[in-house]
Amino acid sequence: VQLAESGGRSVQTGASLNLSCVGSGRIYSSTIMAWFRQPPGKEREFVALIRWSRDSTLYADSVKGRFTISKDKTINTVYLQMNDLKPEDTGVYYCGLGSRYETRSASYSGWGRGTQVTVAS
């Protein structure tokens with residue numbers, strides 16, 4: 001399965017964005033879908049994940065209460081609703097496929113090109 005992210009753009013502090021990640025091919029029920037981001041000059045970091053077969057989710061502490069991950073299985077899509085954006089949310093956002101409920105990027109695959117989110121102060 002290959003993933004394609006979209007929805008990123010430049011916004012002001014406090015704005016909202018909704019990112020989308022569409023998967024090609026079949027996504028198995030055991031799959032974990034996750035969003036990661038890579039701030040400028042830094043390594044890729046975990047943002048949020050969701051089980052494909054259930055609604056259980058996990059968030060990084062830095063986004064808890066502001067971001068919401070959701071999915072639409074009928075169109076193989078995972079979303080990341082981001083509210084109250086801050087300059088430290090700036091980065092390239094990627095989604096990945098995994099089989100374990102964990103936050104290490106090395107455990108995920110199928111990365112797309114990512115989508116750039118820039119939050120101006």
Side-chain angles (χ1 to χ4, degrees):
V1 176
Q2 194 63 40
L3 303 172
E5 305 90 345
S6 63
R9 61 184 178 92
S10 295
V11 296
Q12 296 293 315
T13 295
S16 296
L17 283 176
N18 191 25
L19 306 184
S20 298
C21 169
V22 181
S24 62
R26 180 179 178 180
I27 299 178
Y28 292 92
S29 60
S30 59
T31 298
I32 307 295
M33 298 287 288
W35 282 98
F36 287 77
R37 66 187 180 191
Q38 188 160 11
K42 297 183 179 181
E43 294 187 353
R44 196 169 296 187
E45 62 185 30
F46 170 75
V47 175
L49 65 78
I50 188 167
R51 290 186 185 274
W52 195 246
S53 61
R54 309 176 191 173
D55 288 333
S56 57
T57 58
L58 181 68
Y59 296 92
D61 288 343
S62 59
V63 306
K64 203 172 293 183
R66 299 188 297 123
F67 290 12
T68 302
I69 188 171
S70 61
K71 64 182 185 284
D72 185 338
K73 295 171 64 175
T74 64
I75 54 172
N76 269 15
T77 300
V78 175
Y79 302 100
L80 186 67
Q81 175 66 40
M82 307 188 294
N83 298 329
D84 190 23
L85 283 161
K86 303 176 181 181
E88 51 264 42
D89 295 318
T90 293
V92 181
Y93 282 70
Y94 301 88
C95 60
L97 292 161
S99 58
R100 298 181 180 182
Y101 198 79
E102 63 170 278
T103 62
R104 296 183 304 159
S105 62
S107 296
Y108 292 83
S109 61
W111 308 104
R113 294 184 177 182
T115 186
Q116 176 71 46
V117 173
T118 302
V119 185
S121 57

Do you know the tightest heavy-atom contact between [X] and [Y]?
X      : Y      : result
Ser121 : Gln12  : O-OE1, 3.9 Å
Gln116 : Thr118 : NE2-OG1, 3.3 Å
Lys73  : Ser53  : NZ-CA, 4.2 Å
Glu5   : Gly114 : OE1-N, 2.9 Å
Lys71  : Arg51  : NZ-O, 3.3 Å
Gly110 : Gln2   : O-NE2, 3.5 Å

Would a distance-only check, ignoring hydrogens and angles, find a side-chain to backbone donor-acceptor pair under 3.5 Å from [X] to [Y]?
X     : Y     : value
Asn76 : Gly23 : yes
Asn18 : Gly7  : no
Thr77 : Ile75 : yes

Measuring from atom [atom1] of [X] to atom [atom2] of [Y], what distance do you get when rounded to the nearest 0.5 angstrom?
X      : Y      : atom1 : atom2 : value
Ser6   : Arg113 : OG    : CZ    : 13.0 Å
Cys21  : Trp111 : SG    : CH2   : 9.5 Å
Lys64  : Leu58  : NZ    : CG    : 7.0 Å
Ser107 : Arg100 : OG    : CZ    : 6.0 Å
Gln81  : Ser20  : CD    : OG    : 10.0 Å

How about [X] and [Y]: do any of their side-chain heavy atoms sit closer than 4.5 Å?
X      : Y      : result
Ser105 : Gln38  : no
Pro39  : Glu45  : yes
Tyr94  : Tyr108 : no
Ser99  : Tyr28  : no
Pro87  : Thr13  : yes

Exercise. So if you build clusters from Ile, Leu, Val, Met, Phe, Trp, Tyr with side-chain heavy-atom gaps below 4.5 Å, do Leu49 and Tyr79 land together?
Worked result: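 No; Tyr79 is not reachable from Leu49 via cluster members.
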Exercise. Counting heavy atoms not belonging to Glu88, are there more than 12 under 6.0 Å from its CD?
Worked result: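 It does: Glu88 CD has more than 12 such atoms within range.
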Exercise. Which other residues belong to the hydrophobic cluster containing Val47, where Ile, Leu, Val, Met, Phe, Trp and Tyr are joined when side-chain heavy atoms lie under 4.5 Å apart, directly or via other members?
Worked result: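 Cluster partners of Val47: Val1, Leu3, Val11, Leu17, Leu19, Ile27, Met33, Trp35, Ile50, Trp52, Tyr59, Val63, Phe67, Ile69, Val78, Leu80, Met82, Leu85, Tyr93, Leu97, Val117, Val119.
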